[in-house]
Amino acid sequence: LVSWNIMLAAYAFNGHLKEARSFFGSMPCWDVVSWNSMLSGIIKHGSLNDALQWFGIMSVRNLVSTNALLNAFSQAGHFAEAKNLYSTMPEHDIVSHNAMLAAYGHTGDVEEARCVFYSMSYCDLATWTILLSLYAQNGHLVEAKCMFDSMPQQDIVSTTAMMAAYAQNGHLKDAVDIFNGMHYLTLVSWNSMLDGYAQNGYLKEAKILFQIMPMRNLVSWNVMLAAHAGNLDDSTRFFGGMQARDTVSWNVFMAANTYNGHFVEAISLHMEMKMEGCDPDDATFISLFFSCSHLGDVICGLNYFVSMLIDYNFHATKQHYHCMVDLLARSGFLHETCTMIEE
RNA sequence: UGCAUCUUGUCUUUAUC
């Protein structure tokens, strides 16, 4: 059974969901790991609805299944459901707590995160690292450093997190010091350093680092694409030269267009990205709303808003509502703006 | 008591101010 499970996990983990499903069907017997492997494959590569459906038909479940679902909600931006599941699930382990903490990291809810943290009877390296990043990403660099100093050991992940924390908060020198002191570097370390240079205005250094990096992935390319956003020609050239693109690449390029006032082009990129097989995400819609807002095209913006809710089944976040308020208000629909705020 | 398969941490994109 373990051998079968390993094969199943290989299919599911790498996104071959069709093969995984048929392999699952051909198995002589199943245990909770089999069901969970399929579930996590669907969560990683499929839709939330498919994951929920699979969860519904699972004949055995355990805490791992529930934790996976909790993470699925969080990844999909359904934080209310995540919180609800977390507070109603019959038992928790450190993975459940960490997953919920990470979810609060995404919403920027520092206070809620603190409550979870104080309720935990013990924590591990992941807990400390989640808190470190949560503080750093919300502008609390001192607290982030405090987490780094408080953790019982520092591993490659937490050290990289601290490095990124410095870089993201404008302390490039400190980030470089950590980078130079690291015994070995992962792709994430390289990307963090690359982004540090790019975001802090050192484009020349970023270009050099990009050339000499021993490994690169799409994140590295996207960082460099974003670094060129100030100049639409450069950005267009770089984008055109990319051998592969994902949703983030398209989002970055859309942002480059809006940044340079090319709102119509930004909106049309949305069609192109779909034709290339990249699905829009919540950030894509924020860019779209922004472009519509600056074009004064309320109808177009509202259409996209409805499409986001109906066609894509996304939850509108606070950011999306802010954009809609901006869209309506800029065009003088004050009454409708107030209605949207109130409702 | 110990070894294999499933869930949590670090990198890139977005609005307002």
Side-chain angles (χ1 to χ4, degrees), chain A residues 1-10 12-13 31-41 43-44 62-72 74 93-103 105 123-134 136 155-165 167-168 186-196 198-199 217-227 229 246-256 258-259 266 281-291 293-294 317-327 329-330:
Chain A
L1 179 55
V2 171
S3 320
W4 285 90
N5 281 342
I6 292 172
M7 276 308 296
L8 175 65
F13 185 85
D31 66 0
V32 68
V33 174
S34 328
W35 287 96
N36 285 341
S37 295
M38 198 62 226
L39 177 66
S40 63
I43 288 170
K44 191 172 177 199
N62 59 11
L63 186 52
V64 170
S65 332
T66 317
N67 286 339
L69 194 63
L70 178 61
N71 193 39
S74 170
D93 62 4
I94 188 144
V95 174
S96 332
H97 291 122
N98 286 345
M100 197 61 228
L101 271 180
C123 54
D124 62 8
L125 257 184
T127 317
W128 290 106
T129 311
I130 293 166
L131 288 172
L132 190 168
S133 301
L134 186 145
D155 68 355
I156 178 79
V157 173
S158 58
T159 306
T160 306
M162 191 63 234
M163 190 195 104
Q168 287 161 0
T186 64
L187 180 54
V188 175
S189 327
W190 284 100
N191 284 339
S192 303
M193 197 64 259
L194 183 70
D195 185 53
Q199 300 272 10
N217 64 2
L218 246 181
V219 172
S220 335
W221 284 88
N222 288 339
V223 168
M224 290 311 291
L225 177 62
D246 64 2
T247 296
V248 172
S249 323
W250 285 93
N251 289 347
V252 174
F253 192 50
M254 275 179 83
T258 54
Y259 184 77
D281 64 8
D282 53 320
T284 314
F285 282 103
I286 291 172
S287 280
L288 282 173
F289 298 157
F290 179 76
S291 290
S293 170
H294 284 257
T317 64
K318 201 191 283 180
Q319 293 185 330
H320 293 121
Y321 281 113
H322 287 175
C323 291
M324 295 314 291
V325 166
D326 180 64
L327 173 74
R330 253 178 225 276

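The figures here come from the full heavy-atom set of this structure, side chains too, leaving out hydrogens, waters and symmetry mates. Below, chains carry the letters A, B, ... as their sequence lines are ordered, and counting in each starts from 1. Given the structure is predicted, the values throughout are model-derived calculations rather than measurements.
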Over all strands shown, is [X] touching base, sugar-phosphate only, or nothing at heavy-atom distances under 4.0 angstrom?
X         : answer
Leu8(A)   : nothing
Val252(A) : sugar-phosphate
Asp155(A) : base

Any chance you could measure His97(A), atom NE2, to Cys123(A), atom SG, to the nearest 0.5 Å?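 These two atoms lie 11.0 Å from each other.
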Working to the nearest 0.5 Å, report the span between CG of Leu101(A) and OG of Ser133(A).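 If we round to the nearest 0.5 Å, Leu101(A):CG and Ser133(A):OG are 11.5 Å apart.
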When you measure from the side chain of [X] to the backbone N and O of [Y], does any donor-acceptor pair fall under 3.5 Å?
X         : Y         : result
Ser293(A) : Phe289(A) : no
His320(A) : Phe285(A) : no
Asn217(A) : Ser220(A) : yes

What heavy-atom pair brings Leu63(A) and Ser96(A) nearest, and what distance separates the two atoms?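 Result for this residue pair: CD1-OG, 4.1 Å.
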Identify which one of Asp246(A), Asn251(A), Asp195(A) satisfies the side-chain contact (heavy atoms from CB on, under 4.5 Å) criterion when paired with Asn222(A).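 The residue from Asp246(A), Asn251(A), Asp195(A) that satisfies side-chain contact (heavy atoms from CB on, under 4.5 Å) with Asn222(A) turns out to be Asp246(A).
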Between [Y] and [X], is there a side-chain donor-acceptor contact under 3.5 Å, judged purely by atom types and distance?
X         : Y         : value
Thr247(A) : Asp281(A) : no
Asp124(A) : Asn98(A)  : yes
Thr186(A) : Ser189(A) : yes

Polar atom pairs (N or O), protein with nucleotides 15-17 of chain B, under 3.5 Å:
from: A15(B); atom 1: N1; to: His322(A); atom 2: ND1; distance (Å): 3.3

Check whether any side-chain nitrogen or oxygen of Gln199(A) sits under 4.0 Å from OP1 or OP2 of U12(B), and answer yes or no.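 For Gln199(A), the contact criterion (side-chain N or O under 4.0 Å from OP1 or OP2 of U12(B)) is not met.
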Candidates U12(B), G9(B), U14(B) - which lies nearest the side chain of Val223(A):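 Nucleotide nearest to Val223(A)'s side chain: U12(B).
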With side chain to side chain donor-acceptor pair (under 3.5 Å) as the criterion, how do Asp31(A) and Ser34(A) come out once you've worked through the C-alpha distance, each side chain's angles and the decisive distance to 0.1 Å? CA-CA 5 Å; Asp31(A) 66 0; Ser34(A) 328; 2.9 Å; yes
Taking [atom1] from [X] and [atom2] from [N], how many angstroms apart are they, rounded to a whole number?
X         : N      : atom1 : atom2 : result
Leu194(A) : U10(B) : CG    : C1'   : 16 Å
Trp221(A) : U12(B) : CH2   : P     : 19 Å
Phe253(A) : U12(B) : CZ    : C1'   : 16 Å
Leu225(A) : C11(B) : CG    : C1'   : 16 Å

Of all of residues 156-164 of chain A, which get a heavy atom below 4.0 angstrom from RNA chain B, listed by number?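 Correct list: Val157(A), Thr160(A), Ala161(A), Ala164(A).
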Base versus backbone protein contacts along nucleotides 1-8 of chain B [heavy-atom cut-off under 4.0 Å; B, S, -]: ---BBBBB
